Amino acid sequence: MTQDHLNFIFIGISFAVYIGIAIKSRAGSTKEYYTAGGGVSPLANGMATAADWMSAATFISMAGTVALSGYDASRFLMGWTGGFVLLTILMVPYLRKFNKATVPDFVGDRYYSKLARGVAVGCAIFICMTYIMGQMRGVGVVFSQLFGISITSGVIIGGAIVFFYAGLGGMKGITYTQVAQYCVMAFAYTIPAIFIAMAMTGNVLPQIGLISHYTAGGEAVPFLEKLNNINTELGFAEYTSGKLSTINMFCITAALMCGTAGLPHVIVRFFTVKNVSAVRKSACWTLLFIAVIYLTAPAIGAFARVNLIEKLHDTSYQEAPYWLQEFEETGQMAWIDKNDDGKIQYYGPAKSVEGSHAVFQGKKPSYPTLEATDGQLVGKHGQRLLANKVDTSNPNELWFGNDIMVMANPHMAGLPMWVIALLMAGCIAAALSTAAGLLLVLSTSISHDLMKKILKPDLSDKDEVRYARVASFLALAVAVYFGINPPGFVAAVVALAFGLAAASFFPAIVLGIFSKNMNKQGAISGMIIGILLMLFYMTKFKFGWWFGGTKEDWWFGISPEGFGSIAMIVNFVVSITVMKFTSDPPKSVQDMVENIRIPSDAGKATH
């Protein structure tokens, strides 16, 4: 049986399970569509929340970022994990007691204003759209490798699947589908890591292997020492040393942490359980399930780094492993023989006078048209030729996408075919689970918070669900476009979504819970200025708008991924300043805030 056959079997079985659950759990009411009826057990909700959390950025791109950046990539681990702790301790129990199913619903009622609700809807749309485009990119990367098609085709196929089971089942269908998806992801992530850890270090646990000795080469050498040595020999920075400035590292981590606590698709998951007590139990289960993946990611990234260099650097192209050509065919790896010696050379910026290790000009490979001759399509060594102009300022010849490292790892390690098939199923489950959760938040923000609560208060339940499904389709169409034309690799795109959440929702929710004097004028002003400032900075340096800018032009040396923390501080300052010069909220709202903070299951807050 071939690898393709096994891939199709594993993924086909998992898809059959997902779609079967979605059909069986189809939402029949708005309560089931938005909150799964509110009767999900803490254990099941913990698994579903973990699956929602284990996005393509976590499953596919985070380990790839660790493989390439080393210590600098710890910002994702620290920010996302710390943010979830912040979310479960500081915010979720209070929001659950308030008993509103969406963040815009909380903002609208807490700040007693349709305008506040409308601003929150706009923020939710921007956040979720930025996040979901990263997930769709992840879906495209996996499908392109699986079916041997372009990433564009993979994004379109993935989008159609997500719309089917998310639009059909709503939160009820998504919840139980995500339970199954988490099981697939957990096994798919840990089993290959165990195999590779045993092969490279002799340890069963990948986490122990990372800090033990590398034994695959015969003589035992501390693994991290070997990793540092091969990095510096090839012109890269030490793996365990960071290149990011301290302020940029801090700001990115803070933006990821506070953005996590403001992500609407994670917050809404805690409305699917029965009460506040169940919320706390569910959060504990979620942290446990997340730890299984997060504690394994650094080891996977480090193993992938060593495997890549050992298998490809200074190897004749004609003797290179089979998987190199497979990844070439899907446009996820490329080789240009700059010195015409037939060997693959992989070097870092230190080997270049200009501090660059670009293989070609442009961000990604482009290829000759189908009308080109064979001599323009295939090189003399059998490699796939590129249309890009060669960058001759450095000796590096190998290009690969960050998002391919996790999928390439079992190939590089020579693992059994069934392990590779399981990993492919896990990659797809990761991207689909989060995309479905985001799509639901987008649709509910439009159908419930915009249409039902602002534009058409007399909307029936049936029409509300219909609007939600139409909104799902339109949102997914936009997400597919940006999945095909992303502004960066998956983890970076997702980091921008966290910045938007930190700049807009986090201050409004925290002040709404812990300050009974925070009024609508302050919250609305803060949200608008915070998200507009973050959008300006993001579009200026990521899309080249507003006259664009380079790394040297960053304000205070802070990257777009980290600027959300600055925009968040501005939001807090604006909100509090405006509050000081405007009238206090009504007495009923102040009493409601006091009631929310009572640490008991005393029931809903009174309006």
Side-chain angles (χ1 to χ4, degrees), residues 1-22 47-48 50-64 135-149 151 153-155 157-162 164-166 173-174 176-196 206 289-290 292-293 296-297 300 304 323 326-327 330 332 403-437 490:
M1 186 175 291
T2 67
Q3 182 66 64
D4 285 343
H5 289 148
L6 271 175
N7 289 346
F8 292 137
I9 289 171
F10 273 70
I11 292 171
I13 291 172
S14 63
F15 271 24
V17 171
Y18 304 156
I19 293 172
I21 292 172
M47 296 182 87
D52 215 342
W53 188 248
M54 295 303 155
S55 64
T58 298
F59 199 95
I60 300 173
S61 194
M62 186 171 68
Q135 308 315 308
M136 296 316 301
R137 181 68 178 181
V139 172
V141 169
V142 179
F143 275 118
S144 71
Q145 186 58 34
L146 177 63
F147 298 115
I149 58 178
I151 292 179
S153 301
V155 170
I157 293 171
I161 294 169
V162 170
F164 178 80
Y165 78 81
I174 287 172
Y176 294 105
T177 300
Q178 286 176 334
V179 170
Q181 286 170 331
Y182 176 79
C183 295
V184 172
M185 280 189 277
F187 284 110
Y189 211 70
T190 54
I191 289 176
I194 290 170
F195 270 94
I196 298 170
F289 292 133
I290 286 173
V292 172
I293 307 289
T296 309
I300 289 180
W323 46 263
E326 289 186 359
F327 286 116
T330 56
Q332 296 172 64
D403 304 326
I404 200 62
M405 294 301 290
V406 168
M407 286 184 288
N409 210 10
H411 289 278
M412 292 188 287
L415 298 189
M417 290 192 294
W418 69 268
V419 177
I420 296 172
L422 178 62
L423 179 69
M424 299 295 274
C427 289
I428 292 176
L432 294 182
S433 62
T434 303
V490 175

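On a predicted model such as this, the values are computed, not experimentally measured, just so you know. We're numbering straight along the sequence, starting at 1.
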Classify the angle between the aromatic ring planes of Trp418 and Phe195 as parallel (below 30°), tilted (30 to 60°) or perpendicular (above 60°). perpendicular

In Å, rounded to the nearest 0.5 Å, how long is the span from CZ of Phe10 to CE of Met417? 10.5 Å

If you measure from CE on Met185 to CE on Met47, what distance do you get to the nearest 0.5 Å? 9.5 Å

Looking only at heavy atoms, what is the nearest atom pair of Pro206 and Ile194, with distance? CG-N, 4.0 Å

For Trp323 and Met412, which heavy atoms make the closest approach, and how far apart are they? CZ2-CG, 3.2 Å

With rounding to the nearest 0.5 angstrom, report the CG to CG distance, Leu6 to Leu422. 11.0 Å

Test of understanding: with side chain to side chain contact (heavy atoms under 4.5 Å, CB included), list the residues that count as partners of Pro410, not counting sequence neighbours. Leu415, Ile420, Leu423

Provide the closest heavy-atom pair for Phe187 versus Pro192 in the form atom of the first, atom of the second, distance. O-CD, 3.9 Å

Quick one, Ile300 and Tyr189 - any side-chain contact, counting heavy atoms below 4.5 Å? yes

Contacts of type side-chain hydrogen bond (donor to acceptor under 3.5 Å, both in side chains), residue Ser14, not counting sequence neighbours: none

Residue set satisfying ring pair (Phe, Tyr, Trp, His ring centres under 6.0 Å) with Phe8, at least two apart, ordered chain then number -> Phe147

Pairwise distance OG1(Thr296) to CD1(Ile191) - rounded to 0.5 angstrom: 11.5 Å

